[in-house]
Q: 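This is the structure I want to talk about, given as structure tokens.
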Amino acid sequence: MPSIDHQPAQEPTTTAMAAAVLVVLVLAVAGAARAETTTHIKVYWHDVVSGASPTAVQVARAATTNSSASFFGAVVVIDDPLTEGPDMKNSAPVGRAQGTYISAGKDKVALLMNMNFVFQSGRYNGSTVAIMGRNEVFSAVREMAIVGGTGVFRWAQGYAQARTHTLDMKTGDATVEYNLYIKH
């Protein structure tokens with residue numbers, strides 16, 4: 001039978017206790033240094049599908065997309081302007097919305113949005129916010145998740161609310177007010 005050596009438990013040394021306290025203090029200071037902030041940003045998103053220089057282009061579709069009332073299966077790539085106000089020509093540019101949206105609703109126009117808001121001016125210049133979620137176009141308010149960010153918005157989370165400002169049913173061009181609520 002193997003022998004088992006039973007040793008009495010040793011009390012922690014003063015040095016070990018001091019080291020443990022120091023580690024806890026360093027972690028607390030590091031956490032306090034990264035205090036969470038909530039930022040609200042309101043921008044206008046301009047989706048231009050008509051004309052000689054569209055900012056949204058369909059790159060794929062299903063065989064039944066054209067006969068579908070909801071454009072089910074359409075995949076659109078965007079590089080849409082973001083401005084401070086709803087009038088694209090008379091509002092200060094803020095940045096670009098770059099990404100895709102996919103018509104994912106068979107019975108309703110419901111888009112899967114996957115885009116980055118790339119800020120190109122002001123105090124958020126060079127930062128991005130990643131937005132992903134369902135956008136039921138004809139609902140008054142649509143809410144999507146903010147799933148990340150870069151720069152000032154590193155570690156971002158939160159939500160975006162979209163409200164259609166204008167929609168031209170003949171051209172498909174739209175201006176949408178986005179309110180971003182970002183924890184970072």
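For clarity, every value in this text was computed on a predicted model and none was experimentally measured. Just so it is clear, the values below take in all heavy atoms, side chains as well, and ignore hydrogens, waters and symmetry mates. The first residue of the sequence shown is numbered 1, and numbering continues consecutively from there.
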Q: Quick one: name the residues clustered hydrophobically with Val48, using the 4.5 Å side-chain heavy-atom rule over I, L, V, M, F, W, Y, and just say none if it's on its own.
A: Met88
Q: According to the interplanar angle, ranging from 0 to 90°, do the rings of Phe119 and Phe153 count as parallel (below 30°), tilted (30 to 60°) or perpendicular (above 60°)?
A: tilted
Q: Is the number of heavy atoms from other residues, nucleotides or ligands within 6.0 Å of CZ (Phe71) greater than 12?
A: no
Q: Restricting to non-hydrogen atoms, name the atom on Ile182 and the atom on Val129 that form the minimum distance, rounded to 0.1 Å.
A: CD1-CG2, 3.8 Å
Q: Using every non-hydrogen atom in the two residues, find where Ala56 and Val76 come nearest and quote the distance to one decimal.
A: CB-CG1, 3.8 Å
Q: Between Pro86 and His46, what is the shortest heavy-atom contact and its length?
A: O-CE1, 3.1 Å
Q: For Lys106, enumerate each residue passing the salt bridge (Lys or Arg N to Asp or Glu O under 4.0 Å) test, keeping only those at least two apart in sequence or located in another chain.
A: none
Q: Would you indicate whether the side-chain heavy atoms of Thr164 and Arg142 approach each other to under 4.5 Å?
A: yes
Q: Out of Ile131, Asn114, Leu180, which one pairs with Met144 under the side-chain contact (heavy atoms from CB on, under 4.5 Å) rule?
A: Ile131
Q: Do Tyr101 and Asn135 come close enough that some side-chain heavy atom pair is under 4.5 Å?
A: no
Q: Should Gln98 and Thr128 count as side-chain neighbours, where that means a heavy-atom distance under 4.5 Å?
A: no
Q: Rounded to the nearest 0.5 Å, how far apart are CE of Met115 and OG1 of Thr100?
A: 9.5 Å
Q: Nearest 0.5 Å, please: how far is CZ in Arg163 from CG in Asn179?
A: 5.5 Å
Q: Which pair of non-hydrogen atoms, one from Val176 and one from Ala162, has the smallest distance, and what is that distance?
A: CG1-CB, 3.8 Å
Q: Can you measure from CG (Asp87) to NE2 (His165) and round to the nearest 0.5 angstrom?
A: 8.5 Å
Q: Does any non-hydrogen side-chain atom of Val137 lie less than 4.5 Å from one of Leu111?
A: yes
Q: Going by side-chain hydrogen bond (donor to acceptor under 3.5 Å, both in side chains), name the residues that satisfy it together with Thr64, two or more places apart in sequence or in a different chain.
A: none
Q: Tell me the closest heavy-atom pair linking Val57 and Pro54, and the distance in Å.
A: CG2-CG, 4.2 Å
Q: Angle class for the Tyr181/Tyr159 ring planes (parallel below 30°, perpendicular above 60°, tilted otherwise)?
A: parallel
Q: Indicate yes or no for a side-chain donor-acceptor contact from Thr175 to the backbone of Thr166 under 3.5 Å, with no hydrogens or angles considered.
A: no
Q: Can you find a pair of side-chain heavy atoms, one from Thr38 and one from Lys183, that are under 4.5 Å apart?
A: yes
Q: Return the minimal non-hydrogen interatomic distance between Ala156 and Gly149, and the atom names on each side.
A: CB-N, 4.0 Å
